[in-house]
Amino acid sequence: MLNKVMIIGRLGRDPELRYTQSGSPVASLNIATDESYTDREGNKVDRTEWHRVSVFQRQAENCANYLTKGSLVFVEGSLQTRKWQDQQGQDRYTTEIKAQRVQFLDRKGDAPRETGGGRGYEEDYGAPAAAPRGNAPRGSQTGGARQQPQGGRKGMDEDLGPAFPSEASNMDDVPF
């Protein structure tokens, strides 16, 4: 039998982290997925589905530390139904996703922020690494470039300039 769930959605609120009696971390996530379709009358219909997700161990702590309301995540897991009793003693059932894997899909600069400040590219992604220049001794460049043997193809060791066009034209602030 197969019990497999994969969803991509956004958190409806900040993760809730709690600990079991044995001290194991458990995070609860509420994730919204949406779909749209056109009905018989030609009207676009948007539908949102909410999913309860339980995350365990170190992954739970990571979710609590790095995710916030609005974060985009991929969750892979299985469906699990729990039985519990409400305050009146009635049996209740909750079906949720027991996560085996949670992947954060927001890029660092795309993650929702509490403050609306406009940070720059370098603050979000870090400053680009400087490209080695032609005045470095031959074969001393870092980055895994191998020196060709003397009988190898001609011109393989010469400096071809920056690896990326943005390094040559000082376009470090371009967000792609």
Side-chain angles (χ1 to χ4, degrees), residues 1-129 143-144 163-164 166 171-176:
M1 299 295 159
L2 179 66
N3 182 1
K4 186 81 156 177
V5 176
M6 292 187 277
I7 62 169
I8 295 176
R10 294 199 179 272
L11 270 66
R13 62 175 176 230
D14 290 346
E16 296 174 12
L17 182 66
R18 61 186 186 286
Y19 293 88
T20 63
Q21 291 177 344
S22 63
S24 296
V26 179
S28 295
L29 310 177
N30 284 333
I31 299 177
T33 57
D34 60 358
E35 64 178 329
S36 60
Y37 61 92
T38 305
D39 64 11
R40 292 180 186 192
E41 288 80 40
N43 299 320
K44 183 179 176 185
V45 179
D46 293 325
R47 197 183 94 178
T48 301
E49 189 73 35
W50 287 93
H51 310 272
R52 293 177 189 254
V53 179
S54 293
V55 186
F56 301 91
Q57 301 301 329
R58 180 77 180 138
Q59 246 184 148
E61 292 174 331
N62 287 339
C63 287
N65 290 333
Y66 297 107
L67 296 177
T68 59
K69 178 180 178 178
S71 295
L72 184 65
V73 293
F74 167 77
V75 176
E76 185 175 1
S78 58
L79 286 179
Q80 181 177 13
T81 301
R82 292 184 296 116
K83 180 180 176 182
W84 54 281
Q85 290 187 341
D86 64 12
Q87 294 177 342
Q88 289 78 28
Q90 297 289 326
D91 287 344
R92 300 286 182 178
Y93 296 90
T94 300
T95 300
E96 60 191 2
I97 298 170
K98 181 179 176 185
Q100 278 111 26
R101 177 177 163 210
V102 177
Q103 185 172 351
F104 307 163
L105 298 180
D106 284 318
R107 292 180 305 202
K108 191 173 182 183
D110 290 346
R113 297 192 184 111
E114 292 298 317
T115 60
R119 297 186 335 192
Y121 175 86
E122 290 181 5
E123 281 184 68
D124 286 339
Y125 297 100
F164 300 101
S166 63
M171 294 177 55
D172 293 338
D173 60 342
V174 177
F176 53 83

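Position 1 is the first residue of the sequence; numbering continues from there.
- In this structure, the side chains of Thr38 and Val45 stay at 4.5 Å or more apart for every pair of heavy atoms.
- The structure places CZ of Arg92 at 12.5 Å from NZ of Lys83, a figure rounded to the nearest 0.5 Å.
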Stepwise side chain to side chain contact (heavy atoms under 4.5 Å, CB included) test for Gln103 and Leu105: CA-CA 6 Å; Gln103 185 172 351; Leu105 298 180; 4.2 Å; yes
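- Put simply, the side chain of Gln59 gets close to the backbone of Val102: a donor and an acceptor are under 3.5 Å apart.
- With a 4.5 Å cut-off on side-chain heavy atoms, Thr48 and Trp50 count as touching.
- Each salt bridge (charged side-chain N to carboxylate O under 4.0 Å, His left out) pair with one or both residues in residues 20-44, not counting sequence neighbours, appears once here: Glu35-Arg47.
- With respect to the salt-bridge test (charged N to carboxylate O, under 4.0 angstrom), the residues Arg101 and Glu76 qualify.
- In this structure, Tyr93 and Thr95 have side chains that are not in contact, with every pair of non-hydrogen atoms separated by 4.5 Å or more.
- A donor-acceptor distance shorter than 3.5 angstrom exists from the side chain of Asp14 to the backbone of Lys69, with no hydrogens or angles considered.
- Counting heavy-atom neighbours within 6.0 Å of Phe74 CZ, excluding the residue itself, gives a total above 12.
- Here the closest heavy-atom approach between residue Ala60 and residue Val55 is recorded as CB-O, 3.2 Å.
- For the side chain to side chain donor-acceptor pair (under 3.5 Å) test with Thr33, the passing option among Glu49, Arg10, His51 is His51; the others fail.
- Among all heavy-atom pairs drawn from Phe104 and Asn62, the shortest one is CZ-O, 3.8 Å.
- Here CG of Leu29 is found 9.5 Å from CD1 of Ile97. Values are rounded to the nearest 0.5 Å.
- The shortest non-hydrogen separation linking Pro15 to Leu67 is CD-O, 3.4 Å.
- Ser28 is not listed as a side-chain neighbour of Arg52, based on a closest heavy-atom distance of 4.5 Å or more.
- When the side-chain contact (heavy atoms from CB on, under 4.5 Å) test is applied to Gln88, the partners found at least two apart in sequence or on another chain are Asp86, Gln90.
- With a 4.5 Å cut-off on side-chain heavy atoms, Leu11 and Ile31 count as touching.
- To the nearest 0.5 Å, the span separating CD on Glu16 from OG on Ser54 amounts to 10.5 Å.
- Here the side chains of Gln57 and Pro25 are in contact, with some heavy-atom distance below 4.5 Å.
- A 4.5 Å side-chain heavy-atom check between Val75 and Val5 finds every atom pair outside the cut-off.
- Between Gln100 and Ser78, the closest heavy-atom pair is NE2-OG, 3.5 Å.
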